[in-house]
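Computation of the quantities below employed the complete heavy-atom set of this structure, encompassing side-chain atoms and omitting hydrogens, waters and symmetry-equivalent molecules.
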Amino acid sequence: MKDSNGVIIVFNVEVPSHLKEIETFYSYFVQQQRLHDSQCLLIAHHKPSSATGRGRPGLAQQLNKLSLIHSNLEEDPEQVRTAFRQYLGTVVSTLSESRDKEEMSIIT
């Protein structure tokens, strides 16, 4: 986990206990690693023909600021692919900015 640059948390929206577990994962993998919220992506996975809504699940307040996508690879795999690429772009940008700041601090 040391030197991680991003975290993706995938959960099943139909399992209520997952909503609580996300808080633990966020605390351990994001906050303790001092990652920015932009470096975390929540993926709410839905089974095919799931009746669960696509709105924002009942997450803890601190998690509401995180990027969230709904996934169902059988119904809309392209949406997941596009959102994942955007997330990777954000992580790469954050990493690049961090390296630039570090280099500037060494120079000055």
Side-chain angles (χ1 to χ4, degrees):
M1 255 196 350
K2 185 181 176 203
D3 298 329
S4 60
N5 297 306
V7 173
I8 298 173
I9 301 172
V10 181
F11 64 99
N12 184 339
V13 294
E14 296 177 6
V15 180
S17 64
H18 283 188
L19 298 178
K20 279 290 185 198
E21 291 172 6
I22 293 169
E23 293 178 52
T24 303
F25 294 149
Y26 175 77
S27 173
Y28 186 74
F29 293 109
V30 179
Q31 290 180 321
Q32 288 186 18
Q33 301 305 313
R34 295 194 172 117
L35 296 176
H36 299 283
D37 287 339
S38 64
Q39 293 171 275
C40 181
L41 175 65
L42 298 178
I43 300 179
H45 185 69
H46 297 266
K47 293 180 181 179
S49 304
S50 172
T52 307
R54 302 287 179 171
R56 195 117 183 136
L59 300 171
Q61 186 174 2
Q62 66 185 8
L63 302 175
N64 283 326
K65 57 190 170 204
L66 301 176
S67 295
L68 170 75
I69 63 169
H70 293 271
S71 71
N72 182 327
L73 299 178
E74 290 185 19
E75 293 177 12
D76 195 3
E78 193 57 39
Q79 179 210 11
V80 176
R81 186 177 294 118
T82 300
F84 182 72
R85 284 182 181 149
Q86 289 174 337
Y87 165 73
L88 284 180
T90 300
V91 170
V92 169
S93 292
T94 302
L95 180 60
S96 178
E97 290 171 12
S98 177
R99 284 188 180 160
D100 289 347
K101 286 179 185 177
E102 186 177 324
E103 288 173 2
M104 289 304 292
S105 71
I106 292 171
I107 293 171
T108 58

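Sorted by first and then second residue, the side chain to side chain donor-acceptor pair (under 3.5 Å) pairs with a member in residues 35-45 read Y26-D37, H45-S71; sequence neighbours excluded. Among pairs with a residue in residues 80-95, those fulfilling side chain to side chain donor-acceptor pair (under 3.5 Å) read E78-R81, at least two apart in sequence or across chains.
Of all non-hydrogen atoms in H70 and Q79, the two that sit nearest each other are O-OE1, 3.3 Å. Nearest heavy-atom pair across F29 and L35 is O-CD1, 3.6 Å. Heavy atoms only, all atoms of each residue included: L19 and G58 are closest at CD1-O, 3.8 Å.
Note on V80: it clusters hydrophobically with L88, by side-chain heavy-atom contacts below 4.5 Å among ILVMFWY residues. V91 and V10 fall within a single hydrophobic cluster, where Ile, Leu, Val, Met, Phe, Trp and Tyr are joined by side-chain heavy atoms under 4.5 Å apart, directly or via other members. Taken together through direct or relayed side-chain contacts under 4.5 Å among Ile, Leu, Val, Met, Phe, Trp and Tyr, F11 and Y28 form part of one hydrophobic cluster.
With sequence neighbours excluded, no residue satisfies side-chain contact (heavy atoms from CB on, under 4.5 Å) with E97. Under the rule for a side-chain contact (heavy atoms from CB on, under 4.5 Å), T24 has no partner lying at least two apart in sequence or in another chain. Every residue was checked against the side chain to side chain donor-acceptor pair (under 3.5 Å) condition with H18, not counting sequence neighbours, and none meets it.
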Could you go through I43 and F84, starting from their C-alpha distance and side-chain angles, then the distance that decides it, and tell me whether this counts as side-chain contact (heavy atoms from CB on, under 4.5 Å)?
CA-CA 10 Å; I43 300 179; F84 182 72; 5.6 Å; no
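Within 6.0 Å of CD on Q32 lie more than 12 heavy atoms contributed by other residues, nucleotides or ligands.
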N/O donor-acceptor pairs under 3.5 Å from side chains in residues 59-68, not counting sequence neighbours:
none

